[in-house]
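Contents: one structure, followed by commentary.
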Amino acid sequence: MTLPLASAPGYEPIASTFWLGRLSLEALPLHDPILVATFIMVVLGGMALLAVLTYYRLWGYLWHEWFTSIDHKKIGIMYIVLALIMLLRGFADALMMRAHQATAFGESTGLLPADHYDQIFTAHGVIMIFFVAMPLVTGLMNFVVPLQIGARDVAFPFLNNFSFWMTASGAALMMVSLFVGKFAATGWLAYPPLSGSAYSPGVGVDYYIWGLQIAGVGTLLSGINLVVTIVKMRAPGMGMMKMPIFTWSALCTNILIVSAFPVLTVVLALLAMDRYVGTNFFTNDLGGNAMMYVNLIWIWGHPEVYILILPAFGVFSEVVSTFSGKRLFGYTSMVYAMLVITILAYLVWLHHFFTMGSGASVNSFFAITTMIISIPTGAKIFNWLFTMYRGRIRFELPMLWTIGFMITFTIGGMTGVLLAVPPADFVLHNSLFLVAHFHNVIIGGVVFGMFAGINYWFPKAFGFKLDEFWGKLSFWFWLSGFFFAFMPLYVLGLMGVTRRMSKFDDPSLQIWFVIAAFGALLVALGIACFLIQIFVSIRRREALRDHTGDPWGGRTLEWATSSPPPAYNFAFTPVVHEIDAWWDMKQRGYQRPLAGFHAIHMPKNTAAGVILAGLSTVCGFALVWHIWPLVIASLAALVVTTIVHSFNYARDYHVPVDEVERTEDARTRALTAHV
């Protein structure tokens, strides 16, 4: 029988003081050369960034125009920037894991100590799901949805700013764990009893709990905001069945967020109570049940998979329709397929633990629902193919990412159906086959979808296209890198190699891990090419400039505005008659209004979101380290700041008529000059 760490011989509890809690110099990883080198690089990079911002006097600009902005477009861009920064951190973890597994054979223990590997293993999953995929998805929805439905902003503009900064604060707390203390070594879902205080007495799981709680508040509020925006703020004439398909995907996604994220909040709160006040919700004694945690975390976790993939489906639908020059085939069936997926997302969670003895009847029910949910997903693939059929396909970058997705995701879907069969799952569940399947869906679906969306809407956001050469290099490195990195894991899984292992004894397996590490290097080149693509595009922005606002021949309302759109999006609210509203307007010979403008009512920027999120980060850090005076002070400051903000009635202003006229006249001149 394995003893809990707290009961092991020689174990000493962490010392605690009144003013600093468990925080001491011992929390700094001065003994770990990898972390010390990383810390030095981060400090030097941070100092260089601060120097550049100070030299060019950008602090005021960033504060007034971005950090305190309630413009949905700027908030969407900030979400995506956050996601790309966290992608670099999360992928660095992936590279270290791949390099370690490729060398940890025989006498070699690999590149990383076992404890460090477990932390990286956990941090990689948490960062990639919560702080890369979620901000990418939320950022695209934030930027695009109000434009697509003809709105001037989201329903609750301040809440939008607050939601972003709460997500960023959760990410900041995650990053602090790299250098102060340790992160969880439990895997990205932190199953008890391993995540309980008996087996994980340090601060790692606490970082996990409070980082995700803070970010989860931001995600939940963002979901509420976007649901209300889509339901209540559509342009006149835009009934539910005339909404763009991306907006439909956003609506379904945010309904899932509003329904699922409270479950995550509750399950993390219960785990925190087990750790902080000695309750027994998920312990092995005193009436606790660790399996209840597994049920609850997957009741959130499987809808989360569809929260990530549904917006990608929306992106692919827009891209295929635009670059095939055709209306989306089977619009109604696509909408109903998304609604079916949204409902069934709640009826499949138990396939994540077929192996845990739920019984034949339960396993059969969840196997059937899992197979059924593949039907509407497969229907979407056929709809996209039929849209492309006999279309005038243009192989621009967004279309390349879409075709790469269709090939890759189909493989992931088929392996998913295989794992839906309980007897097969018994063999494959704890193997690398499952790891390959999950990454097949997330990379081939979500990541490819987000890159398609970034390339598609970048000219709308910044007024110029992304460089095609470096974009294609990025695409091909990502596509080939994915297959090199994860097809070997399918092979290893079928050979019975288990997941969550940092070292292997059979030397015949090593070649497959070496191939997987080579694939990770190719993906690294893909990320590097994307960053170069951004840099080169900024340098060549005049040559890549979009003067029309409609560089792709788009079909939905966002392409009716200038690139980038003005703060108020539309001088006059558009009137919608057909599904592809902008395409229909172009066919009708639509002419932009050139006179008769009015002052436009808009919400004002506010610093409250930054301040509240900053205080939440301080409170989270204090909770992690049990610094109770700081917990009380930061909570009190949060309450006071919230009350003070509630008395701020100067929350809006009017864009003057002459400013609207100047903005619209400038666009008229640009359009006339580039007819």
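- Side-chain atoms of Tyr191 never come within 3.5 Å of backbone atoms of Tyr293 as a donor-acceptor pair (strictly under, hydrogens ignored).
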Checklist entry - Would Trp478 and Phe483 count as a ring pair (Phe, Tyr, Trp, His ring centres under 6.0 Å) if you check the C-alpha gap in whole Å, the side-chain angles of each, and the deciding distance to 0.1 Å? => result CA-CA 9 Å; Trp478 263 100; Phe483 281 99; over 10 Å; no

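- For the 3.5 Å distance criterion, the side chains of Tyr456 and Thr322 qualify, holding a donor opposite an acceptor.
- Annotation: side chain of Leu531 is not in contact with side chain of Leu84 (no heavy-atom distance under 4.5 Å).
- The aromatic rings of Phe451 and Phe530 lie perpendicular to each other, with more than 60° between the two planes, well past the 30° mark.
- Looking only at atom types and distance, the side chain of Asn455 has a donor-acceptor partner in the side chain of Gln533 under 3.5 Å away.
- Applying the ring-ring contact (aromatic ring centres under 6.0 Å, His included) rule to pairs touching residues 487-513 yields Phe105-Phe504, Phe105-Phe513, Phe433-Tyr490, Phe504-Phe513, sequence neighbours excluded.
- For Phe143 and Tyr79, the gap between ring centers reaches or exceeds 6.0 Å.
- Trp188 pairs by the side chain to side chain donor-acceptor pair (under 3.5 Å) definition with nothing, not counting sequence neighbours.
- The pair Asp546-Lys460 does not meet the salt-bridge criterion, since no charged nitrogen lies less than 4.0 angstrom from a carboxylate oxygen.
- Between Trp298 and His352, the two ring planes are parallel [angle under 30°; tilted spans 30° to 60°].
- For the side-chain contact (heavy atoms from CB on, under 4.5 Å) with Tyr117, the lone residue among Gln101, Met501, Met96 that qualifies is Gln101.
- Side-chain atoms of His302 and His351 form a donor-acceptor pair, as typed in the model, at a separation below 3.5 Å.
- Annotation for Asp467 and Leu544: closest pair N-CD1, 4.0 Å, computed over non-hydrogen atoms.
- Residues His116 and Leu35 are in side-chain contact: their nearest non-hydrogen atoms beyond the backbone lie under 4.5 Å apart.
- When every heavy atom of Ala260 is checked against every heavy atom of Pro303, the shortest pair comes out as CB-CB, 4.0 Å.
- A side-chain N or O of Arg499 and one of His429 form a donor-acceptor pair less than 3.5 Å apart.
- In this structure, the ring of Phe39 has its center less than 6.0 angstrom from the ring center of Phe179.
- Between Phe458 and Phe464, the ring-plane angle classifies as perpendicular under the 30° and 60° cut-offs.
- When all heavy atoms are compared, the tightest approach of Lys503 to Ala104 is CG-O, 3.5 Å.
- Taking both residues in full, the closest heavy atoms of Phe477 and Leu522 are given as CB-O, 3.4 Å, listed atom of the first, atom of the second, then distance.
- Taking 4.5 Å as the limit, some side-chain heavy atom of Phe409 sits within range of a side-chain heavy atom of Phe313.
- Using bins of under 30°, 30° to 60° and over 60° for the plane-to-plane angle, the ring pair Phe316/Phe405 lands in the parallel bin.
- Classified by interplanar angle (parallel below 30°, tilted 30° to 60°, perpendicular above 60°), the ring pair Trp300/Phe130 is parallel.
- Under the side-chain contact (heavy atoms from CB on, under 4.5 Å) rule, Trp552 has a single partner from Met399, Glu318, Glu396, which is Glu396.
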